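Quick notes on the structure that follows.
Below, chains carry the letters A, B, ... as their sequence lines are ordered, and counting in each starts from 1. All values derive from a computational prediction rather than experimental measurement.
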There are 2 protein chains.
Amino acid sequence: MASRPESDNDMTISRDAGGAPAGNRKAASILAAARELVLDHGFDAMTMDMVARQAPVSKATLYAHFASKEELFTAVVIDEANRITGEIWRIMPDSDDVAGVLRRIAEKFVDVFLTEQAMFLQRAVIGAVSRFPSIGAAIFEAGPKALTERLATFLAGAHERGLLNIQDPMLAARQFLSIVRGDLDIRGLLLPAVRPDRAQIRKQVEAGIDLFLHFYGSRRP
Amino acid sequence: MASRPESDNDMTISRDAGGAPAGNRKAASILAAARELVLDHGFDAMTMDMVARQAPVSKATLYAHFASKEELFTAVVIDEANRITGEIWRIMPDSDDVAGVLRRIAEKFVDVFLTEQAMFLQRAVIGAVSRFPSIGAAIFEAGPKALTERLATFLAGAHERGLLNIQDPMLAARQFLSIVRGDLDIRGLLLPAVRPDRAQIRKQVEAGIDLFLHFYGSRRP
DNA sequence: GTCTATAATTGGATAGAC
DNA sequence: GTCTATCCAATTATAGAC
């Protein structure tokens, strides 16, 4: 967690063009600092003093931009979730090579969602859900739900073209993502020190695709 | 979360037989209070004052039994994890009715692991892992890892008896549990207010067993 | 808008009497 | 072992000068 690229697609912050004053830069640096601290320490272990020190701004300035710690946390989390899920949206093409598309989706999925960074985010969010349920709902909508629906749409299209035989696309999409995921998410959440084994992940992805296609291949099960 | 049955299998607390004085009852009531508060609020939102008030004991008494908040939290979590996983151990028989066994495992699995209670526990643990990694490791060993290994042993036995065709029992066990789980864990963790749909869960379990057996059934895939 | 300094509260942990 | 009362550090949030 040494260095992390700064978020670049936040809607509330315009780029620092000529006219934009230092205020936006301050807000951006606050958000960047908060992002790093949230990902490293979670909600509770991150203090507003730490944010102010790292930004670096005064606490008064910090509160001038974000009314409370919760609001700052929510801003960080939603921003990050959109950034992460956006990675997968881009590589969801409509091709007749079903196995190839599934492989690319699966590999991108494990690459993006199971990174150390995404794990820190999930840990922070899950730990905060009890107190801020709306954050959990927002993440669920922007993340797993959107991804499953997108995949289900692709699977339904493949079914109509006779490439697959799928009666319930949403169920099949959930199954596919679950198989590919395996226990990687649990391991990542509970064992922060253990680095995942890339070779085993690849093997798990391949085996998952085989299992899925063996059942949903065009021949009627 | 109105009432919750009290834990009854804690090793550090003897039952309140004749000789046992009030000390054990105090410790038990502390643990019960902490358990409820941990499950309802998580580690940080639970304060030692709340525990003392709910036990009800004084804070000094509390600290006489548990040296720190972390120690109390760990005691609660390990105790609860053993209780939950113990539920599944019991119904893992050695039968030739593979589909029946898998169905019973899957149903018990979703029943036990995906209860509101277990979800609160997972939320509390995951939120605390960043600061107390040993807790995450302990839960992982006692929970997912032990269950997967046990299931893998059963699958390997079925393979040797010619009932299934499984080359990698651990991989297959992970796949089976993942399919059955689907996105129920994510939903449970992120959407505490949403009650799971029992009918859909049952359908998901059945579909998962079909998918699994279609590939690993005795005929060579 | 931004800063320094501080208020106000909370919460983990303890002292001393019984 | 248990209680009441309290200490001390940390933390969120704000007041007032510039």
Please classify the nucleic acid contact of M46(B) as base, sugar-phosphate, or nothing, using heavy-atom distances under 4.0 Å. sugar-phosphate

Whole Å only: how far is the CZ atom of R131(B) from the C1' atom of dA10(D)? 14 Å

Under 4.0 Å between any heavy atoms, over every strand shown, what does A60(B) touch: base, sugar-phosphate, or nothing? Just pick one. base

Using only side-chain N and O atoms of T61(B), determine if any of them is under 4.0 Å from OP1 or OP2 of dG1(D). no

Distance, rounded to the nearest Å, where K69(A) contributes NZ and dT12(D) contributes P: 4 Å

side-chain N/O H65(A) vs dT2(C) OP1/OP2, d < 4.0 Å: yes

Nucleotide dT4(C), atom C1' - distance to CG of L62(A) in whole Å: 15 Å

As a test of reading the structure: which of dA13(C), dT11(D), dT2(D) is closest to the side chain of S68(B), going by heavy atoms? dA13(C)

Between dG12(C) atom P and D44(A) atom CG, what is the distance in whole Å? 11 Å

Applying side chain to side chain donor-acceptor pair (under 3.5 Å), run through Q204(A) and Q175(B) and close with a yes or a no. CA-CA 9 Å; Q204(A) 177 170 303; Q175(B) 288 178 325; over 6 Å; no

When the ring planes of F73(B) and F132(B) are compared, do they come out parallel, tilted or perpendicular, using 30° and 60° as the limits? tilted

Between dT12(D), dG12(C), dC3(C), which nucleotide gets closest to the side-chain atoms of M48(B)? dG12(C)

Would you kindly give the CG-to-P distance between D49(B) and dT4(D), to the nearest whole Å? 13 Å

For L72(B) and dG11(C), what is the distance between atoms CG and P respectively, to the nearest whole Å? 16 Å

Using the rule side chain to side chain contact (heavy atoms under 4.5 Å, CB included), only one of K145(A), Q122(A), R181(A) pairs with I186(B); which is it? R181(A)

Look at K59(A) and dA7(C) and indicate whether a side-chain polar atom (N or O) is within less than 4.0 Å of OP1 or OP2. no

Scan S58(A) against the nucleic acid and name what it touches under 4.0 Å (heavy atoms): base, sugar-phosphate only, or nothing. base

Matching residue for V77(A) among L39(A), V125(A), L72(A), N82(A) - test: side chain to side chain contact (heavy atoms under 4.5 Å, CB included): V125(A)

